Amino acid sequence: MKILVLGSGAREHAIVHSLNSELNAEGVPAHEIHAAPGNPGIGETATLHGIDANNPEAVVALAQEIAADLIMIGPEAPLVAGVADATRHAGFPTFGPSQEGARLEGSKAFAKEIMEAAGVPTAKPYVCTTLAHVEEAFDDFGAPYVVKDDGLAAGKGVVVTNDREAAYAHAADCFANRGQDGRVVIEEYLDGPEVSLFVVSDGATVRALAPAQDFKRVGNDDEGPNTGGMGAYSPLPWAPASLVQEVIDTIAQPTIDEMARRGTPFAGILYVGLALTSKGTRVVEFNARFGDPETQVVLARLQTPLSALLLAAAKGELADFPELQWHPQTAVTVVVASERYPDTPVTGDPIEGISAANALDGVHVLHAGTKIVDDVLVSSGGRVVSVVALGDDLDATRERVYQGVDAIGLRGSHHRTDIALKAARGEIKPATQS
Ligand code: AMP
Ligand code: GLY
């Protein structure tokens with residue numbers, strides 16, 4: 001197939017890496033892969049196109065030029081901009097929800113409305129339009145305070161804190177920065193470990209991928225501000241075996257059914273962010289796309305050809321799709337971030353050691369914030385590369401992934417050293433149900 005992948009991060013590199021590992025009878029990659037805009041890592045196996053991936057007309061024109069058989073939309077921005085609507089309208093099988101579907105991620109208030117209509121368990125919200133209303137919500141819930149900008153904020157619009165003044169200040173900032181129509185969501189605090197579960201849907205049928213856990217805070221022991229994600233692992237040895245079916249039955253299928261009932265079927269990835277709380281499984285958030293960095297570990301373990309799964313979802317044929325197959329190994333990824341990420345990342349520094357890391361057994365490096373300047377690979381963003389390792393268990397895989405991270409040279413860079421550590425030590429437990 002000719003496959004066009006939109007996006008430029010490690011998630012998209014992971015997708016291209018998986019697609020490229022599908023070989024034909026002659027043992028060579030089965031697909032012709034195009035990416036827009038892509039990144040230097042993606043460019044090693046795909047043709048890059050320097051178009052604006054958030055512009056529906058530009059994407060349709062590119063899809064026509066290359067005669068794409070499948071379009072895979074990686075990030076939320078093109079979805080929110082209506083790119084999937086435009087490419088579907090132009091007749092291209094497209095993986096990724098419509099603009100209306102992407103509101104499940106683009107508006108926290110809309111997501112709460114759908115969850116309520118579908119009877120999906122989630123944190124109780126107050127959708128506030130004034131600071132007085134915010135104070136009322138704080139009084140009702142007490143600490144810790146959970147304050148969310150209603151609109152898209154790349155994972156950084158959420159503050160969870162015991163400090164009421166800081167919580168209030170964030171709400172005031174959200175209003176000052178307009179929020180989404182000036183709305184701020186205050187939520188009940190959810191205790192218990194978090195899980196990311198990606199559910200593929202064609203608008204009616206759902207198929208869950210393997211659960212993963214990501215690490216959102218910048219520092220070890222979950223210290224410091226939220227980031228886009230500093231690492232992930234999959235599978236989760238501590239998660240109950242019944243979790244995936246429970247999420248399908250009580251969360252994913254009811255949500256997909258509610259979207260279909262409204263005449264706006266959701267086809268693509270429903271990313272279910274969960275907390276396994278003392279009161280049971282709760283939705284923390286929905287996203288309308290694969291998560292980054294969880295995709296890097298989930299796809300590393302997927303044995304079923306990714307192209308076939310994406311195409312079946314794009315064409316509404318998931319009901320007939322065979323059961324997904326997984327490598328039995330464990331996958332861990334660690335993100336190498338640039339100096340001063342997530343505040344004001346320093347960019348433009350040379351990156352060394354990617355080939356050395358790739359040469360390690362069971363290790364591969366995915367590019368995120370990289371670019372080539374005068375034939376030199378340099379950092380161009382906050383999250384620079386995502387080092388991925390596969391191994392027999394969490395201990396062995398952690399050792400491998402950190403060997404890979406140690407091989408990477410980037411002045412001033414930082415990474416967490418405790419990705420998957422608690423899980424490896426058996427220290428994570430779902431909060432007991434009451
Ligand atoms: P979100 O953008 O909604 O995923 O929030 C980002 C992160 O903030 C989540 O992954 C959680 O770690 C944390 N968070 C969000 N909502 C809550 C909540 N209601 N209770 C506790 N933590 C939360
Ligand atoms: N890993 C969090 C996200 O992709 O939103």
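What you see is a predicted model, and the numbers here were worked out from it, not measured in a lab. All heavy atoms count here, side chains included; hydrogens, waters and symmetry mates do not. First listed ligand is number 1; within each ligand, the first listed atom is number 1.
Close contacts of ligand 1 with E285, meaning ligand atoms under 4.0 Å from a residue heavy atom, involve 1 (P), 2 (O), 3 (O), 4 (O). Using a 4.0 Å cut-off to heavy atoms of G228, the atoms of ligand 2 that qualify are 1 (N), 2 (C). Residue N287 has at least one heavy-atom neighbour below 4.0 Å for each of these atoms of ligand 2: 5 (O). Of all atoms in ligand 2, listed by their number and element, those nearer than 4.0 Å to a heavy atom of R289 are 3 (C), 4 (O), 5 (O). Taking every heavy atom of K148 and a limit of under 4.0 angstrom, the matching atoms of ligand 1 come to 3 (O), 15 (C), 16 (N). Those atoms of ligand 1 that come under 4.0 Å of a heavy atom in Y189, given as number and element, are 20 (N), 21 (C). Which parts of ligand 1 touch E194 is read off a 4.0 Å heavy-atom cut-off, strictly below it: atoms 9 (C), 10 (O), 11 (C), 12 (O). Every atom of ligand 1 with a heavy atom of V146 under 4.0 Å away is listed here by number and element: 16 (N), 17 (C), 18 (C), 19 (N), 20 (N). Residue G291 approaches ligand 2 through these ligand atoms, each under 4.0 Å from one of its heavy atoms: 4 (O).
The distance criterion of under 3.5 Å between nitrogen or oxygen atoms is met by L190 with respect to ligand 1. Ligand 2 has a nitrogen or oxygen under 3.5 angstrom from a nitrogen or oxygen of D214. The shortest N or O to N or O distance between E285 and ligand 2 is not below 3.5 Å. Below 3.5 Å of separation, one finds an N or O of K108 facing an N or O of ligand 1.
Look at R282 and E187 and you find no salt bridge, because none of the NZ, NE, NH1 or NH2 atoms lies under 4.0 Å from a carboxylate O. Looking at R400 and D392, no side-chain N of the basic residue comes within less than 4.0 Å of a carboxylate O on the acidic one, giving no salt bridge. The existence of a salt bridge linking E223 and R416 is excluded, since no basic side-chain nitrogen approaches an acidic carboxylate oxygen closer than 4.0 Å. A salt bridge links R262 to E113: one of the charged nitrogens lies within less than 4.0 Å of a carboxylate oxygen.
Open room surrounds CD on E165; 12 or fewer heavy atoms of other groups in view lie less than 6.0 Å from it. Counting non-hydrogen atoms of neighbouring residues, nucleotides and ligands closer than 6.0 angstrom, the CD atom of E399 reaches no more than 12 such neighbours.
Under the 4.0 angstrom criterion for non-hydrogen atoms, G273 is not in contact with ligand 2. Within the structure, ligand 2 has Y271 among the residues with a heavy atom less than 4.0 angstrom away.
Between D191 and S278, the side chains place a donor N or O and an acceptor N or O closer than 3.5 Å (distance only, hydrogens not considered). Between the side chains of T87 and T94, at least one donor-acceptor pair of N or O atoms lies under 3.5 Å. Between D249 and Q253, the side chains place no donor N or O within less than 3.5 Å of an acceptor N or O (distance only, hydrogens not considered).
Under 4.0 angstrom from ligand 1, the non-hydrogen atoms of V158 all belong to its side chain. Of the heavy atoms in E294, only side-chain atoms (C-beta onward) come closer than 4.0 Å to ligand 2.
In terms of heavy-atom proximity, H415 sits nearest to V334 at CB-CG1, 4.0 Å.
Using cut-offs of 30° and 60° on the angle between ring planes, the pair H364 and H17 is parallel.
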